[in-house]
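A note on names: the letters A, B, ... follow the listed sequences, proteins ahead of strands, and every chain is numbered from 1.
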2 protein chains.
Amino acid sequence: MGKRSTLKDVAREADVTPATVSYVINNTPGQSIRPETRKRVLEAARKLKYAPNAHARTLRNHHSPCIGMVIRKNLAVPRFSQMAYGIQTKLEQEGYNALLLGNKINNLGIADYAEAFLAGRVGGIIFIGTDNQGPDERSLKVLADEHAPLVVFDTQTQADSYSTVDLDYVGGARLSCERVLSRGCKRVLYFRPDIDKPQETLREQGVRETCEAAGVELVCARSPITLGNIELWDARYVGADTEEGLRLSERFLASVANALELVDDGDAVISSWATWTHYFRRIETQRGSRRRLTYAELANNGESWLAADLYTRLPNYEAGAACAEDVLALMRTGVPSARIMKLSNIIEAPLGQQAPNY
Amino acid sequence: MGKRSTLKDVAREADVTPATVSYVINNTPGQSIRPETRKRVLEAARKLKYAPNAHARTLRNHHSPCIGMVIRKNLAVPRFSQMAYGIQTKLEQEGYNALLLGNKINNLGIADYAEAFLAGRVGGIIFIGTDNQGPDERSLKVLADEHAPLVVFDTQTQADSYSTVDLDYVGGARLSCERVLSRGCKRVLYFRPDIDKPQETLREQGVRETCEAAGVELVCARSPITLGNIELWDARYVGADTEEGLRLSERFLASVANALELVDDGDAVISSWATWTHYFRRIETQRGSRRRLTYAELANNGESWLAADLYTRLPNYEAGAACAEDVLALMRTGVPSARIMKLSNIIEAPLGQQAPNY
DNA sequence: CTGAAAGCGCTAACAT
DNA sequence: ATGTTAGCGCTTTCAG
């Protein structure tokens, strides 16, 4: 960092005192400045390319223009990067910036983001959970003790010391399933990962309720994706093509093939995750099958918008914006909130008529 | 921000002076501290949950632990989020954090990120270009004047006041095309966006050279994606399904259908962008065609890894890490560099044998 | 309307 | 081995 001009330099240049410069720069309310003076100051500032030092300001004001953003796993995964973009956009609208923070436990025994808050680097924190895991206990306690404005996303957890944003998995699954049934399927195959966390349980519940209400038979099957191997599954987004990853893909394909044994012409296949429809179509076509199947996905992030006949577009961007709004509101009011995002953005295959298989 | 304990508090608690606390906390070289004292200080710090104020430190040290990250367009697009993750990961390894910065022009006439540098918020900047557009002139000048450590990605531009990281589009296209030809295609259809920027020109050049060298006929066709509508195209990643977007998709599909008129059984279809193979397969299958075509993509980010028979995996994550490395190196040495990332990560359809169409 | 000065929390040169 | 202190750049009270 080279030598930058300071408020003092501007004051000297404009032949006023530092205080006056500060008043002008900040439009300090209740301070009247002679227009001529103001003009001189502004010109001097422009001439010297003066930008107020952000750290001096924060130090003085006890107010940081940064919000910490923690993504428990992997920013490269579409659902998270879409959230991140929503967060970034909303924060910038409000004059804040997002600081990407890690969540490793440091030598103090608390996570990086908690330390960053203690260090005054951020005025609030948005924590994007995965697999239903939120902040660790110790960090949470530290943050609560400090009344840190914190928003936790997607952990389906009640809290009173911080705000939460969650997705309405049951409702979304119900809506999607209703739409699928409206096409007149005789039976539904629901295909989900082998993960027993609320997110997955709630989705299945939504599908189940809807099928029962409609008197349609429901068959469930599971993919070999578990909490133990999901990182491998997501690794394609960092470009890692490992032997292990390929093996997992093959086991996955096998489970899809098995699942396809369970359906007949006219049935529907609802996948709980995005992109899975690709696999179903691929195997079905490889077999030379002519069955008419309806494919749906309960979660889509735009990566496979051409694959499914019907899918729920997860409101990732909007959820990110919601988290940003809520953390700012929490900073302002001190009152935590709990927000549920509806999953009503259900989309029919956007291009042309649905082909039986493509 | 509530009242946090300061170095002085720790000093009082440990019954030493502030300087001593600072020495202990920072392990200041050349300062010997009695073990007993060190222990007392550390205990006091832990007890008070002391974390040094980052702004005071930066103010004093003229050194910020943040690097600014500017994504000219949209962090939600996979290639950018994958880069961002590479940047974040590498920076954190080196003790830095990434601050997401915007690139709107402010009232000073320079971009947000340039102002952030002037304000001392970041010690360096990584600028991720799109459509071959880098930082604007004025901001660039300000940053150059200040000797700001800057790395610009993907603008195919020479520079001597900042570092660059670029992709070897020609080489990548050549390698991919060679691999395609090794399958014995009689002819190649190359399908690219209607954008005349170096990235696209270089890719076509690579394909062309390879076909000429092999004596294979090359046919080129263009999709209706232009610089004017690409944001619409990318908007699916923020969940926006607009009328306009659908219309663009339909025009796109039509251009794919037209392009398919140009090929025969045994030919290859090389798309310049990721996910386009989906469209080709879809239309081909809808037509009930039985032609055997080889599909390849010159750029893939993991979103369509099951679609193409062959694709180049863009080294987004690695490029991000490279940008982070280079900005830190530039900060250390003051010597800018130019780095080219090879596109050698060519992947055969990972799952099972290639089906003619799936 | 403008100026002087204290102090935000930390570090490092200098003293002891 | 530890203490004293000036000062990083800014804001704001208080005086003029």
- Would you mind reading off the distance between A:Asp9 atom CG and D:dC8 atom P, rounded to a whole angstrom? 11 Å

- Message: Rounding to an integer number of Å, can you tell me how far B:Asn61 CG sits from C:dG9 P?
- Response: 16 Å

- Nearest-angstrom distance from the residue atom CG of A:Leu48 to C1' of D:dG9: 15 Å

- Query: Rounded to the Å, how far apart are B:Arg12 CZ and D:dT4 P?
  - Reply: 14 Å

- Task: Ignoring hydrogens and angles, state whether a donor on the side chain of A:Arg60 or A:Asn53 is under 3.5 Å from an acceptor on the partner side chain.
- Result: no

- Query: Distance check: side-chain N/O of A:Thr6 vs OP1/OP2 of D:dG9, anything under 4.0 Å?
  - Reply: no

- Query: Can the ring centres of A:Phe127 and A:Tyr113 be said to be less than 6.0 Å apart?
  - Reply: yes

- Among C:dC8, C:dT2, D:dC8, which is the nearest nucleotide to the side chain of B:Arg60? D:dC8

- Residue A:Arg34, side-chain atoms from C-beta onward, closest of C:dT2, C:dA4, D:dG3: C:dT2

- Query: Is any side-chain N or O of B:Asn26 closer than 4.0 Å to OP1 or OP2 of C:dT11?
  - Reply: yes

- Task: For the side chain of B:Leu59, starting at C-beta, report the closest nucleotide among C:dT11, C:dA5, C:dG9.
- Result: C:dG9

- Message: When you measure from the side-chain N and O atoms of A:Thr20 to the phosphate of C:dC1, is any distance below 4.0 Å, counting only OP1 and OP2?
- Response: no

- Rounded interatomic separation in angstrom, taking CG from A:Leu7 and C1' from D:dT12: 12 Å

- Item | Value in whole Å for how far the P atom of C:dT11 lies from NZ of B:Lys8 | 13 Å

- Task: Let me see the working for A:Arg57 and A:Asn26 under side-chain hydrogen bond (donor to acceptor under 3.5 Å, both in side chains), right down to the final yes or no.
- Result: CA-CA 11 Å; A:Arg57 248 187 190 170; A:Asn26 298 308; 2.6 Å; yes

- Nearest of C:dA4, C:dA12, D:dG3 to any side-chain atom of B:Thr17? D:dG3

- Output yes when at least one side-chain N/O atom of A:Thr58 is less than 4.0 Å from OP1 or OP2 of D:dC10, else no. no

- Item | Check: A:Arg46/B:Asn107 side-chain N/O donor and acceptor closer than 3.5 Å | no

- Mind calculating the distance between NE2 (A:His55) and P (D:dT11) to the nearest angstrom? 14 Å

- Message: Tell me the interatomic distance from B:Arg57, atom CZ, to D:dG9, atom C1', rounded to whole angstroms.
- Response: 19 Å

- Ignoring hydrogens and angles, answer whether the base of C:dG3 and the side-chain atoms of A:Tyr23 contain a donor-acceptor pair closer than 3.5 Å. yes

- Message: Heavy atoms only, 4.0 Å cut-off, all strands: where does B:Thr28 land among base, sugar-phosphate and nothing?
- Response: nothing

- Query: Can B:Arg121 and A:Asn97 be counted as having a side-chain donor-acceptor contact under 3.5 angstrom?
  - Reply: yes

- Query: Side chain of A:Ala19: nearest nucleotide among C:dA4, D:dT11, C:dC10?
  - Reply: C:dA4

